[in-house]
Q: 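Handing you a structure now.
Each chain gets a letter, A, B and so on, in the order the sequences are listed, and its residues count up from 1. Atoms considered below: every heavy atom in the structure, side chains included; atoms not considered: hydrogens, waters and symmetry mates.
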4 protein chains.
Amino acid sequence: MPNATRGSNRGPAAAPENRRALLDAARRVFAERGYRAPLSAIAQEAGVGQGVLYRHFPTRLDLALEVFEQHFVELEALAAEPDAGAFGRLWTRLLELTVEESAFVEMFLAARHDLAETDLADRLPALVAATLPRAQSAGLVSAHLTVADVLLLQRMVYGVVATAVTDDEARDAVAQALALLDGVLEG
Amino acid sequence: MPNATRGSNRGPAAAPENRRALLDAARRVFAERGYRAPLSAIAQEAGVGQGVLYRHFPTRLDLALEVFEQHFVELEALAAEPDAGAFGRLWTRLLELTVEESAFVEMFLAARHDLAETDLADRLPALVAATLPRAQSAGLVSAHLTVADVLLLQRMVYGVVATAVTDDEARDAVAQALALLDGVLEG
Amino acid sequence: MPNATRGSNRGPAAAPENRRALLDAARRVFAERGYRAPLSAIAQEAGVGQGVLYRHFPTRLDLALEVFEQHFVELEALAAEPDAGAFGRLWTRLLELTVEESAFVEMFLAARHDLAETDLADRLPALVAATLPRAQSAGLVSAHLTVADVLLLQRMVYGVVATAVTDDEARDAVAQALALLDGVLEG
Amino acid sequence: MPNATRGSNRGPAAAPENRRALLDAARRVFAERGYRAPLSAIAQEAGVGQGVLYRHFPTRLDLALEVFEQHFVELEALAAEPDAGAFGRLWTRLLELTVEESAFVEMFLAARHDLAETDLADRLPALVAATLPRAQSAGLVSAHLTVADVLLLQRMVYGVVATAVTDDEARDAVAQALALLDGVLEG
DNA sequence: AATGAATGAGAATTCATTCAT
DNA sequence: GATGAATGAATTCTCATTCAT
């Protein structure tokens, strides 16, 4: 019979705050210790009990999905802009995310199999499909490039980052890779 | 009183055999259950006690390194052939390994940080450096390609495989990626 | 500023209704998931907050007692009828309860030790004592049977039900047991 | 990364001793705290680590089965004797077990559903079937009694014990129940 | 008086590692 | 040198209970 410890029960009002703290903690902990880090570490880092974590995010995947979600929201906002430059900005931000948030990469890799059941995999293609044609019409991107090609290019950049030893090396290697791919991307 | 075969303790003579069995088991288990599979599973699969595993391979990394080693030996044999086609065969085999032994990819990713202290990272560049020039002289490969470029291309293929959902998808995606990269590779 | 219906807090007026809902939920949940089912499941099934459950029933036992109480009220009504057949109807209903509400049996077993402090144990004997003599005078039941015997017989039926694998088997086994006991019960 | 604590590793030689200690501890703990007692309590009571418990008995049921097994071995020994009195001695011991080891009763009840997949349920009937006819031929037991009847009678005694408040009350109540059943059992 | 989130202790399970034989 | 059992810390998940609102 667990004893609820008398102490700082800040009541339901703390719920949204706790949720936010958990997401922040998850991002930090996943980044530092990998996607398989103990959930208890995340709860502790967020300064909440284990139960709160489970209430807000029943599974590890729910937590990961929410972290992914935040990034997707940002990308979708970029893709929603109607001008021809939207694709370019989307692609740029995607590369930035890939390079800067290498934990995001690792998390995605680790969660990949679990994610199969979600629609996450379809959201990025949709964004590319929505923006690529306009960029091609405007002559900003090679007309031969398909949506599948773009996604493949991103996966290739992914590989460079994933195999990089340090963040700096990742940055340099991606730059070099993009130089190699120059002819492929541009018209 | 020689009373050797009590139980299944086959004595010192079995050491090399055990070592081999452990390596085979490690490859199978890593492939099936990932690099983080329990070491006990490997010992069991090899049909030896846990202690034997620890005697031969004090850490998980030692086991992984040895598995990598076997692949490197093969690649080095390919690179050692003196003809202009050596680079092509090396590259082909490298891609095969990347695609077919996806566990190898995962293992490498998982062990990456631990591997930083080893010389594994330098051996592949050495092989490329030894074979690429001959292939370029023979006009088989674009003269603009550097050793660094080749390694980068391999990492890109890596990314495609690492992000693939299934082995089949990996194969298809790599084929498509290579088609995209065609202009880069060939003269 | 009366701003009552914020959320679904229906206020004090809902108290009796909540109590009833909790009892119904408790019966259902105990039946489906056993006496050790999480209290939160009962609150949820009742559609009320956890706090309400604790307000109405401070302990799991209070909840169980109340469920028992409802059955006792029914049995006491049967025993209150003044005719010679009252004992027979009481006995019949007792057997039905034992057989049909197997969760009731389990609950009683599980709560048995806690129940020792209550007067539950005395109420059934009282009902038997109140009705048995009239049935014996009318020659409906063996004159040798004591109140203690009847209670013992019920416990024996209990044992048959408690050890039954399925409800159907319980029914059959009780019938067979009663056949065995025929000579004991009747005059 | 769990640290194996340096300490009292008495080596494999302790295995049988540990197994015995675990069984004894299980019997004690089940008796005192019920079949659902924490497994950790059993390991502690036995003076071994949790892992040892899991090695010897992967599931709670395995532990319970082994405890049951010990009793069955005893009963089977009784039933194996070829004289007409075997049934009587089996029945007597069965009642003793039912009464004296009330934890055994509780354990059986609690494990009942898990036990469905085992052959435990068939072993007791087999013992009765093997001994009852001889007792009947010798006129020691009513010729009308079937194997099913005997098992039913045992379940009825079971019920009496299961619903008893104390061990003493159980003993008295069983005696009284057997008196009631006298006519049923004897010829 | 109701709500429902927070708390954290408890229990099950898994493994890396050690070590007696 | 091999065996395989022992150890126990670490992790996940569950709930009884409290309490701010």
Q: Closest nucleotide of DNA chain F for C:Gly51 versus for D:Arg19: which of these residues is on the 5' side?
A: D:Arg19
Q: Think B:Asn18 has a side-chain N or O under 4.0 angstrom from the OP1 or OP2 of F:dG1?
A: no
Q: For C:Leu53 and E:dA1, what is the distance between atoms CG and C1' respectively, to the nearest whole Å?
A: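 Those two atoms, CG and C1', are 14 Å apart.
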Q: Using heavy-atom distances to pick each residue's nearest nucleotide on DNA chain E, tell me which of C:His56 and A:His56 is more 5'.
A: C:His56
Q: Roughly how many Å is it from CG in B:Asp62 to P in E:dA16, rounded to a whole number?
A: 15 Å
Q: Is any side-chain heavy atom of A:Gln70 closer than 4.5 Å to a side-chain heavy atom of A:Leu23?
A: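 Heavy-atom side-chain distance check passes, below 4.5 Å.
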Q: Under 4.0 Å, heavy atom to any atom of DNA chain F: which of residues 36-43 of chain D qualify?
A: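 Residues of residues 36-43 of chain D under 4.0 Å from DNA chain F: none.
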Q: If you measure from OH on B:Tyr35 to CG on B:Leu63, what distance do you get to the nearest 0.5 Å?
A: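 The CG atom of B:Leu63 is 8.0 Å from OH of B:Tyr35, to the nearest 0.5 Å.
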Q: Distance check needed: F:dA16 P versus C:Leu61 CG, whole Å only.
A: 14 Å
Q: Quick one: do A:Phe57 and A:Leu65 satisfy side chain to side chain contact (heavy atoms under 4.5 Å, CB included)? Show the steps, please.
A: CA-CA 10 Å; A:Phe57 306 100; A:Leu65 282 176; over 6 Å; no
Q: Provide, to the nearest angstrom, the distance between the OH atom belonging to C:Tyr54 and the P atom belonging to F:dA16.
A: 6 Å
Q: For B:Arg55 and E:dT18, give me the distance from atom CZ to atom P, rounded to whole Å.
A: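 Interatomic distance, CZ of B:Arg55 to P of E:dT18: 13 Å.
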Q: In whole angstrom, what separates C:Gln50's CD from F:dT14's C1'?
A: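 Distance, rounded to whole Å: 12 Å.
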Q: Between B:Leu63 (CG) and E:dC15 (P), how many Å, whole number?
A: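 Checked: the CG to P distance equals 16 Å.
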Q: Determine whether more than 12 heavy atoms belonging to other residues, nucleotides or ligands lie under 6.0 Å from atom CD of C:Glu66.
A: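 More than 12 within 6.0 Å, yes.
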Q: Counting Watson-Crick and G-U wobble pairs only, both distances under 3.5 Å, name the nucleotide matched with F:dC19, or none.
A: E:dG4
Q: Nearest-Å distance, CD (C:Glu45) to P (E:dG4)?
A: 16 Å
Q: To the nearest 0.5 Å, tell me how far D:Tyr54 OH sits from D:Arg60 CZ.
A: 8.0 Å
Q: To the nearest 0.5 Å, what is the distance between CD (B:Glu17) and CG (B:Leu22)?
A: 11.0 Å
Q: Considering heavy-atom distances to DNA chain E, does D:Arg60 or B:Thr59 have its closest nucleotide positioned more toward the 5' end?
A: D:Arg60
Q: Rounded to the nearest 0.5 Å, what separates atom CD in B:Glu45 from atom CG in B:Leu53?
A: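 Reported value, rounded in 0.5 Å steps: 12.5 Å.
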Q: Go ahead and name the base partner of E:dA11; Watson-Crick or wobble counts if both distances stay under 3.5 Å, otherwise write none.
A: F:dT12
